[in-house]
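The block underneath contains the structure these notes are about, expressed in C-alpha cells.
Here is how names work: the chains are called A, B, and so on, in the same order as the sequence lines, proteins then strands, and each is numbered from 1.
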There are 2 protein chains.
Amino acid sequence: MEAFLALAKALADETRVRALMALRQRELCLCQLIELLGLAPSTISKHMSLLKQAGLVVSRKQGRWVHYRLAPAFDATVRVAQEWTLEALARAPVVRQDAKRLRAILRLDPTELCRKQCV
Amino acid sequence: MEAFLALAKALADETRVRALMALRQRELCLCQLIELLGLAPSTISKHMSLLKQAGLVVSRKQGRWVHYRLAPAFDATVRVAQEWTLEALARAPVVRQDAKRLRAILRLDPTELCRKQCV
DNA sequence: CTAACATTTCGTTGTTTGGCGAAACAACAA
DNA sequence: TTGTTGTTTCGCCAAACAACGAAATGTTAG
C-alpha cells in the first residue's frame, strides 16, 4: 500500500509527470530539466527525488552532473505506472510542447546551459 | 493532462483506494462504506465524489440510498488506472482485512444496523 | 402535512505539499 | 590549498487537502 501510494502521489503533480515524460527517449541531467520546466533548482531536485523514491526514475552521477532516466521496472506495479503515464500523456499538448522545447535545449552546450542558469 | 491528474490524485489517498478496492466484487451504498472505513459520513461522501469525478466509479440512486460501483471504463486511461490499482493492491494487508470486515458488514441484520444497512 | 433518515454542502481546523532562496555539500579546476 | 559549479538540504510561506460537525437537501414513512 505504501509503495502504491508513493507512486500515485508521485504522479499526482503536473511538474513531475512532465519531467517523467521528458525522460521517455533519453536521460537528462538536472540542469536540463530545470531549463525545460522553468522552476528553481531546489524545486526540481525535490521533484526528482520524489520520483526516484517512488521507483519511477533512477539517477546516475557523472562528475558534477546528475543524470536521470526512467527506471528499468523490474517491479510490475512500477512498470504499469510508467506505461499508464506514457500512454495517457503522449498526446497531451503540454507534453508535446515540452518535447519540442527539449529538442532545442539539447542542441545547447550543457556547460553553457548551466552557466546561463547561474546568472 | 487534467483528466490524468484527476485520476492520479484520486488514487493518492489510502481511504479512497480502500473504497475502490471494496467495490471490486459488488456495488456498495455509502452507509456500508462509512461502516467499513470508519470515517464521518461527510468525509466518505466527499471521497466518493472525488472518485466519481475522476471517472473511477459511478453512482446509482435508489430511494434514500446511493450505491457506488466501479465505473465501466470505456476510456482506456481510466481502465488502466483501475486495473493497475486492483492488481497492485489485491494482496495488501489493509485491503484483505477490509474484504473480511466487509463480509461481516454485509451479513448484519438490517434492523440492527438501523441507519447503516441497505436492503 | 410532519417526522425520520441517507446523503451532500458548507465552514473551520490541522496537516501536507509545492514553491522559493540561502546555505551546505560534492566534484572539479586553478 | 582556494575558488567555481552543479546539486541537495533546510527553513519558511502560501496553497491544497483531509477531517469533522452543523446545517441543508432530498426521499420515504406515518
From the candidates dT5(D), dA26(C), dC17(D), the one with an atom nearest any side-chain atom of Lys61(A) is dA26(C)

Given dA6(C), dT8(D), dG18(C), which nucleotide is nearest the side-chain atoms of Arg16(A)? dG18(C)

Drop me the distance from Ile44(A)'s CD1 to Ser49(A)'s OG, to the nearest 0.5 angstrom. 12.5 Å

Check this one for me: any side-chain N or O of His47(B) less than 4.0 Å away from OP1 or OP2 of dA19(D)? yes

To the nearest Å, give me how far apart NZ (Lys52(A)) and C1' (dT8(D)) are. 10 Å

When we call it a touch if two heavy atoms are under 4.0 Å apart, what does Thr15(A) touch: a base, just sugar-phosphate, or nothing? sugar-phosphate

Selected nucleotide, minimal atom distance to Pro41(B) side chain, candidates dT8(C), dA18(D), dC20(D): dT8(C)

Report the distance from atom NZ of Lys46(B) to atom C1' of dA23(D), rounded to the nearest whole Å. 16 Å

Looking at CD1 of Ile105(B) and CD of Glu35(B), how far apart are the two atoms once the value is rounded to the nearest 0.5 Å? 5.0 Å

Among the candidates dT9(D), dG19(C), dT8(C), find the nucleotide nearest to the side-chain atoms of Ser42(A). dT9(D)

Counting the atoms with a prime plus P, OP1 and OP2 as sugar-phosphate, which does Ile44(B) contact under 4.0 Å by heavy atoms, base, sugar-phosphate, or nothing? nothing

Options dT27(D), dT8(C), dG18(C), nucleotide nearest the side-chain atoms of Tyr68(B): dT8(C)

Cluster question for you: counting only ILVMFWY and a side-chain heavy-atom cut-off of under 4.5 Å, with indirect links fine, are Val17(A) and Leu50(A) together? no

Taking a hydrophobic cluster as the set of Ile, Leu, Val, Met, Phe, Trp and Tyr residues connected by side-chain heavy atoms closer than 4.5 Å, whether directly or through intermediates, do Val66(B) and Val58(B) fall within one such cluster? no

Between C1' on dT7(D) and CG on Leu33(A), what's the gap in Å once rounded to a whole number? 12 Å

What is the distance from atom CZ of Arg24(B) to atom OG1 of Thr85(B), rounded to the nearest 0.5 Å? 11.5 Å

For the pair made of CD in Gln62(A) and C1' in dA26(C), what is the distance, rounded to whole Å? 15 Å

Atom pair distance, as rounded to whole Å: NZ in Lys9(B) and C1' in dA15(D): 11 Å

In whole angstrom, give the distance that lies between atom CE of Met48(B) and atom C1' of dA18(D). 16 Å

Tell me: CG of Asp13(A) to P of dA16(D), nearest whole Å? 12 Å

Looking only at side-chain atoms of Thr43(B), point me to the closest of dT27(D), dT7(C), dC20(D). dC20(D)

d(CG, Leu30(B); P, dC5(C)) in whole Å: 17 Å

